[in-house]
Amino acid sequence: MTPELMIKACSFYTGHLVKTHFCTWRDIARTNENVALAEKMNRAVTCYNFRLQKSVFHHWHSYMEDQKEKLKNTLLRIQQIIYCHKLSIILTKWRNRARLKSKKKEDELILKHELQLKKWKNRLILKRATAEESNFPEQSSSEGSLVDETLKCDISLLPERAILQIFFYLSLKDVIICGQVNHAWMLMTQLNSLWNAIDFSTVKNVIPDKYILSTLQRWRLNVLRLNFHGCLLRPKTFRSVSHCRNLQELNVSDCPTFTDESMRHISEGCPGVLYLNLSNTTITNRTMRLLPRHFHNLQNLSLAYCRRFTDKGLQYLNLGNGCHKLIYLDLSGCTQISVQGFRYIANSCTGITHLTINDMPTLTDNCVKALVEKCSRITSLVFTGAPHISDCTFKALSTCKLRKIRFEGNKRVTDASFKYIDKNYPNLSHIYMADCKGITDSSLRSLSPLRQLTVLNLANCVRIGDMGLRQFLDGPASIRIRELNLSNCVRLSDASVMKLSERCPNLNYLSLRNCDHLTAQGIGYIVNIFSLVSIDLSGTDISNEAFCKSSLILEHLDVSYCSQLSDMIVKALAIYCINLTSLSIAGCPKITDSAMEMLSAKCHYLHILDISGCVLLTDQILEDLQIGCKQLRILKMQYCTNISKKAAQRMSSKVQQQEYNSNDPPRWFGYDREGDPLTELDNVTPSKGASELTVEKSTYSSEEQVA
């Protein structure tokens, strides 16, 4: 064999061998690929099945969770239904028990009322029988025994502190009368502490100047407070005040004989005066010059209606030590003061905190701006009868920390004044904006954030309605509000009263006078305000027993000109409101003597009573009032056609102030002298025999003055 053939043979063998092995490898590779592909397919099927199972399980799980949630909610709803059912049963039982207890209490009150009324009638019968037997000799012995019994009770044996407390309640005239009883009483009326404060205004035109001079001379070292209001005295009498070296308070208001010369003597002798009232006197710039020179500690000054001093007099306030301690200033009616005068006040009295300017039509925004430039401590502001004051004044007052504001009868003050009131005056507690026609519901919404507000007076603000009051009551201000006056706010309805009963738990004084849209149903919501002490519902559609049953602490009630009221309301008052001190049922023609008899028998604390226009009342009620209401001080009996003048004259000696006439009721009362409603064809004329009687006394308590 040749080498070439060997090479070819080797090449052929090698190629055949390679071909054979490649085919074998290919077959093996194809077999392995099929196996791998089959395995992949199996794994893919397994994964797909797992994912499918997972998806199905997820859907099943979600479904089961939803079912569990639904079951849970269903069980919770069932529990709530069971709880509400149990609560309803409990509340029903509680309500039944409360009604039973209330009914029992009401029956007890009615029974007590009937027993007291029976006792009252027996007392009247006994008194009348005693009056008939007063002419018998036995009466003298009984009177003697009464005298002996009264002698055993001698107040002169009481401690001095108790005696002083008793005599502090008396006026100067009464103290003088008590000093004339006997020697022991005279000694009691001469206690030094009793003469720290002397009020000569209660005895003006009664005692002579000589007595006043001797009194001031005797107690000159004890007198701290003197009141000469309205006294027509000689200049010499006023000069005697200078002997009272310790005098701190002096009131000479409405004294026409008080002059600059009188003020000169007083200023030289009484440098420690803190309170000085010169209202409505004839003082001039001479007195204004004396104030800063002598009264270095003066804190309260009233120059109201003093029109003889000028701006120059106000400039004198900065002389010497000045009146820099002045905190209260009253400039009411001083129309002669210009803008420059207010600048003088601002320069000399920077510490003023209380400012009163009433009845001043010349007061403008520029006057207020000039004043507050340096008087930034003002907290109390009173502007009534200042029609030219506008929203600019509120903007100027933003530098002051106001707590009390009072505007009345102003048409230029609008909602713009209240827009930023919660930011500028967050501490406002008293707001009086009566008869301000520019105030709307928007202002009430601005007042709602005031957390310190306790008194709000919006009487005669006729543009206020339910929407504004609701927005105000939804704020935090409603929680602390104690006094709310919405008289003549004719747009208010029952919804407002319902909101009041829900949001005002501390409300003490409420006036809804002449709110025409209120009904008996709306007024019935007042029963939910248990804190009410005074209510004015005159001119409304009130029912006979709208709120009396829940107003056990009620002291003041005005339901005048509610012609639909009858004896039932007076009976309800006699049963439930025995603490009444002031009652007005004027213009209620259905009230009779029987109702007033019940009132006299139960309401023994009554101080003020107005029965004007109660045409069915007779002389009998005056006898009942004398026996039952011994604390009665003010009695008004206008247009009482069946009450005689003779009986009224007898009653006048038992009260401090009385108004009476027997004329026919005016046409606007809506009924005639018999109590029958008037028609358009009626023409009521006063009776020819009509008589009038008005009796007034000068002594009034602070409570009556407030009323």
Side-chain angles (χ1 to χ4, degrees), residues 78-120 473 478-479 484 493-510 512 515 518-537 540-559 562 564-580 583 585 588 590-591 594-595 597-599 601-605:
I78 293 173
Q79 290 177 355
Q80 290 178 348
I81 293 173
I82 294 173
Y83 176 76
C84 291
H85 180 66
K86 290 182 178 179
L87 188 60
S88 177
I89 294 174
I90 294 173
L91 289 177
T92 302
K93 292 182 178 180
W94 173 83
R95 182 177 58 188
N96 293 335
R97 290 184 179 180
R99 286 179 177 176
L100 183 62
K101 187 176 180 179
S102 177
K103 180 66 175 175
K104 184 179 179 181
K105 185 177 181 180
E106 184 177 346
D107 292 340
E108 291 177 354
L109 286 174
I110 294 176
L111 180 60
K112 183 179 179 181
H113 168 74
E114 292 176 351
L115 292 175
Q116 290 179 344
L117 189 60
K118 184 177 179 181
K119 184 179 179 181
W120 165 265
L473 295 175
S478 62
I479 304 300
L484 184 61
S493 64
D494 294 345
S496 298
V497 184
M498 182 175 66
K499 194 70 175 179
L500 277 173
S501 64
E502 295 174 354
R503 298 287 299 167
C504 300
N506 299 313
L507 191 63
N508 297 138
Y509 303 90
L510 175 63
L512 298 172
C515 293
L518 296 182
T519 65
Q521 181 181 2
I523 295 176
Y525 290 114
I526 296 179
V527 300
N528 299 322
I529 310 178
F530 300 103
S531 58
L532 280 177
V533 176
S534 175
I535 309 176
D536 187 349
L537 297 173
T540 60
D541 188 19
I542 182 178
S543 63
N544 280 319
E545 297 184 15
F547 57 88
C548 297
K549 293 184 179 180
S550 62
S551 304
L552 301 181
I553 63 172
L554 194 65
E555 296 181 5
H556 308 276
L557 177 63
D558 189 341
V559 289
C562 298
Q564 72 277 8
L565 297 180
S566 64
D567 289 348
M568 294 300 296
I569 188 170
V570 181
K571 180 180 179 181
L573 290 172
I575 295 175
Y576 303 104
C577 306
I578 60 176
N579 294 320
L580 272 179
L583 175 63
I585 51 176
C588 299
K590 298 180 181 179
I591 305 297
S594 61
E597 182 183 19
M598 289 185 286
L599 187 73
K602 296 294 294 293
C603 299
H604 303 302
Y605 306 107

Under 3.5 Å, which donor-acceptor pairs link side chains of residues 87-96 to any protein atom two or more places apart or in another chain?
unit_1: T92; atom_1: OG1; unit_2: S88; atom_2: O; d: 2.5
unit_1: N96; atom_1: ND2; unit_2: T92; atom_2: O; d: 3.0

Residue list, side-chain contact (heavy atoms from CB on, under 4.5 Å) with I82, at least two apart or on another chain: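 Per chain and number, I82 pairs via side-chain contact (heavy atoms from CB on, under 4.5 Å) with I78, K86.
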Rounded to the nearest 0.5 Å, what's the gap from [atom1] on [X] to [atom2] on [Y]? Could you check?
X	Y	atom1	atom2	result
D536	Y509	CG	OH	13.5 Å
L557	S534	CG	OG	8.0 Å
C504	I479	SG	CD1	7.5 Å
I535	I529	CD1	CD1	8.0 Å

Contact check, side chains of [X] and [Y], non-hydrogen atoms, under 4.5 Å:
X	Y	result
L573	L583	yes
L532	L507	yes
V497	I526	yes
L512	I523	no
I542	Q564	yes

Output all residues satisfying salt bridge (charged side-chain N to carboxylate O under 4.0 Å, His left out) with D558, sequence neighbours left out; order by chain, then residue number.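 Only R513 meet the salt bridge (charged side-chain N to carboxylate O under 4.0 Å, His left out) criterion with D558.
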Partners meeting side-chain hydrogen bond (donor to acceptor under 3.5 Å, both in side chains) with D567 (sequence neighbours left out):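 Result, side-chain hydrogen bond (donor to acceptor under 3.5 Å, both in side chains) vs D567: T592, S594.
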Sequence neighbours excluded, which residues qualify as side-chain hydrogen bond (donor to acceptor under 3.5 Å, both in side chains) partners of S501?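 Residues passing side-chain hydrogen bond (donor to acceptor under 3.5 Å, both in side chains) with S501: none at all.
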If a pair satisfies salt bridge (charged side-chain N to carboxylate O under 4.0 Å, His left out) and one of its residues is in residues 496-509, list it, with sequence neighbours excluded.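 Residue pairs passing salt bridge (charged side-chain N to carboxylate O under 4.0 Å, His left out), neighbours aside: D474-K499.
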Measure from the side-chain N and O atoms of [X] to the backbone N and O of [Y], and report whether any donor-acceptor pair falls under 3.5 Å.
X	Y	result
N579	L554	no
D494	T519	yes
N508	S531	yes

Take atom CD of Q521 as the centre, draw a 6.0 Å sphere, and report whether it contains more than 12 heavy atoms from other residues, nucleotides or ligands.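 Check fails, neighbour count at 12 or below.
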